[in-house]
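Reading through the structure tokens given below for one structure.
Quick note: numbers below take in every heavy atom, side chains included, and nothing from hydrogens, waters or symmetry partners.
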Amino acid sequence: MTLKKTALWVAAAAVLGFGTYKSGLVTKIEDAAHAPAAAPSESTVKAPAVSVVRLTQSDFAETVLVTGSLVPREEIMVAPEVEGLKVMQINVDQGDRVRKGDVLAVLVSETLDAQMAQNDASLARNAAVTAQAKSQIVEAEARLKEAKNALERARPLNKEGYLSGSTFDQRESAANTAAAQLVAARDGLKSAEAGKREVEAQRRELSFRRDNAEVKAPANGLVSRRGARLGAIATGATATAGEPMFRIIQDGEIELDAEVTEAQIPKLRTGQVATIKLAGGVEATGKLRLISPEIDPATRLGRVRIFLGDNPALKVGAFGSGIIQTATSHGLSLPVTAVSTADGESTVLAVSGDKVQRRVVTTGLSVAGFVEIKSGLSDGDTVIARAGSFLRDGDTVRPILEEKAAPAGTANSGAISTGTVSEIQ
């Protein structure tokens with residue numbers, strides 16, 4: 001009985017102790033929940049890390065992209081001076097270099113030789129006619145003189161009645177006839193001389209045709225195309241006749257006939273340097289020679305001519321693309337991502353020590369992902385690399401310098417404008 005009571009007293013004490021413990025624990029938990037949080041120490045708060053870039057001096061070159069085909073600077077259409085003759089001999093072919101006066105082709109000239117012989121005969125016959133006309137003039141002048149003298153002697157005799165009226169009339173008629181014959185003889189001489197001039201003109205024409213039976217090069221150059229064929233009839237080059245006998249690129253000079261958008265035309269000036277790339281890795285350097293005064297109303301494109309000179313690697317008709325340098329500058333550069341533009345104002349977030357400073361800047365050329373800073377910053381200043389970050393003027397940051405790599409090649413600047421930046425450090 002005593003053991004049983006002892007066990008009951010022990011169990012009751014255990015329950016009472018657990019309840020007291022639980023009540024105290026709950027009280028402590030509730031007190032902790034309602035107690036104010038302790039303020040963290042300043043050593044536990046870190047400023048946000050941001051990427052920054054440093055301004056450096058760079059060279060800027062703004063360029064305009066052009067595309068087009070290679071064409072001759074000046075193309076000469078060589079046609080025969082004499083048409084209707086067969087081609088007997090051809091001395092040159094495509095790709096040959098020729099000099100002014102070189103014989104390109106020879107035409108059959110037997111017909112011209114026969115015509116020259118006929119002209120010689122006509123000239124000799126006309127010379128005889130002219131001589132005969134001169135003799136007739138001399139004879140007519142003599143008869144006229146004789147008739148006039150006879151008429152003058154008959155006048156006083158006719159007045160005194162010693163000469164009959166019929167005889168006087170005969171002498172007067174003879175004088176008039178002699179005068180008319182002299183006029184006819186002189187007209188005959190004029191006709192003979194006109195015939196002589198006509199024959200001589202025909203001879204000059206035949207001589208010209210005979211001398212030009214050889215088709216010659218009118219200037220130095222490169223034969224780009226040959227339309228002449230042996231045995232074919234030589235004809236002049238016209239819009240309807242088709243291909244001339246030869247096409248010559250004067251002095252072998254080639255140009256790029258290119259197109260440029262309407263918005264880029266105002267940037268171009270004659271004499272600007274252009275670098276052209278062709279298929280197969282061929283490169284050439286030229287200068288802008290001509291800017292067309294017209295804009296195609298359908299395509300809104302203008303045409304330009306870039307002079308490349310005499311280069312055997314350039315082939316007429318080949319496609320080429322390149323860039324024309326339109327502006328250059330040297331100054332401070334930043335990535336375009338570091339500049340924010342709104343309401344016509346450009347700003348950057350500069351970092352001085354660990355503080356952010358908003359600065360207004362003036363920009364210049366923008367090429368290849370970089371922009372020129374003309375004012376508002378100094379060489380060596382650091383700027384947050386991305387202007388769109390959620391930072392304000394006066395914020396504290398931890399700047400991490402980011403390497404500003406130089407752009408590779410070119411990048412767009414406008415619709416087709418390209419550019420490069422060199423010496424980015």
Side-chain angles (χ1 to χ4, degrees), residues 29-64 263-264 267 325-425:
I29 292 175
E30 291 177 351
D31 293 341
H34 292 288
S41 62
E42 293 184 0
S43 61
T44 61
V45 178
K46 291 185 178 181
V50 293
S51 297
V52 296
V53 291
R54 180 176 287 112
L55 276 79
T56 54
Q57 296 287 336
S58 303
D59 290 324
F60 291 81
E62 184 183 59
T63 56
V64 171
Q264 303 301 317
K267 298 181 180 180
Q325 185 172 296
T326 58
T328 59
S329 180
H330 180 82
L332 300 174
S333 68
L334 277 179
V336 293
T337 57
V339 182
S340 177
T341 302
D343 299 328
E345 185 179 67
S346 298
T347 60
V348 298
L349 296 177
V351 177
S352 178
D354 60 354
K355 297 295 182 180
V356 176
Q357 295 179 351
R358 181 179 179 274
R359 296 188 186 179
V360 178
V361 295
T362 302
T363 60
L365 298 180
S366 177
V367 291
F370 287 79
V371 63
E372 179 187 10
I373 304 299
K374 290 188 173 182
S375 65
L377 294 171
S378 302
D379 192 4
D381 287 351
T382 55
V383 174
I384 295 177
R386 290 164 183 80
S389 58
F390 297 97
L391 294 172
R392 296 175 299 177
D393 190 15
D395 287 350
T396 302
V397 295
R398 285 190 298 116
I400 299 176
L401 187 61
E402 183 180 281
E403 291 294 333
K404 185 173 62 169
T410 62
N412 285 337
S413 174
I416 58 171
S417 178
T418 63
T420 59
V421 181
S422 62
E423 299 181 6
I424 301 295
Q425 301 176 356

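With Leu349 as reference, Ile384 is the one residue of Ile384, Val397, Val50, Val339 to meet the side-chain contact (heavy atoms from CB on, under 4.5 Å) rule. Each of Val371, Thr363, Leu377 was evaluated against Val348; a single residue qualifies, Leu377, per the side-chain contact (heavy atoms from CB on, under 4.5 Å) test.
Distance CG/Leu334 to CZ/Arg54: 12.0 Å, rounded to 0.5 Å. Between the NZ atom of Lys374 and the OG atom of Ser346 there is a distance of 12.0 Å, given to the nearest 0.5 Å. To the nearest 0.5 Å, atom CG of residue Asp381 and atom CD of residue Gln357 are 9.0 Å apart. Put simply, NE2 on His330 and CD on Glu372 are 9.5 Å apart, with the number rounded to the nearest 0.5 Å.
Arg358 and Thr347 make their closest contact through NH2-CG2, 3.3 Å (heavy atoms, listed as atom of the first residue, atom of the second, distance). When all heavy atoms are compared, the tightest approach of Phe60 to Ser333 is CZ-CB, 3.3 Å. The two atoms that bring Val64 and Lys267 nearest to each other are CG2-CD, 4.2 Å, heavy atoms only. Shown here for Pro335 and Val53, the closest heavy-atom pair between the two residues is CD-CG2, 3.9 Å. Across Asp379 and Leu55, no two heavy atoms sit closer than the pair OD1-O, 3.1 Å. Across every non-hydrogen atom of Arg359 and Gly376, the tightest pair is CD-O, 3.7 Å.
Contact check for Thr396 versus Lys355: side-chain heavy atoms found under the 4.5 Å cut-off. Side-chain contact between Pro399 and Thr382 is absent, with no heavy-atom pair separated by less than 4.5 Å. Residues Leu332 and Gln57 have side chains in contact (heavy-atom distance under 4.5 Å, counting atoms from C-beta outward).
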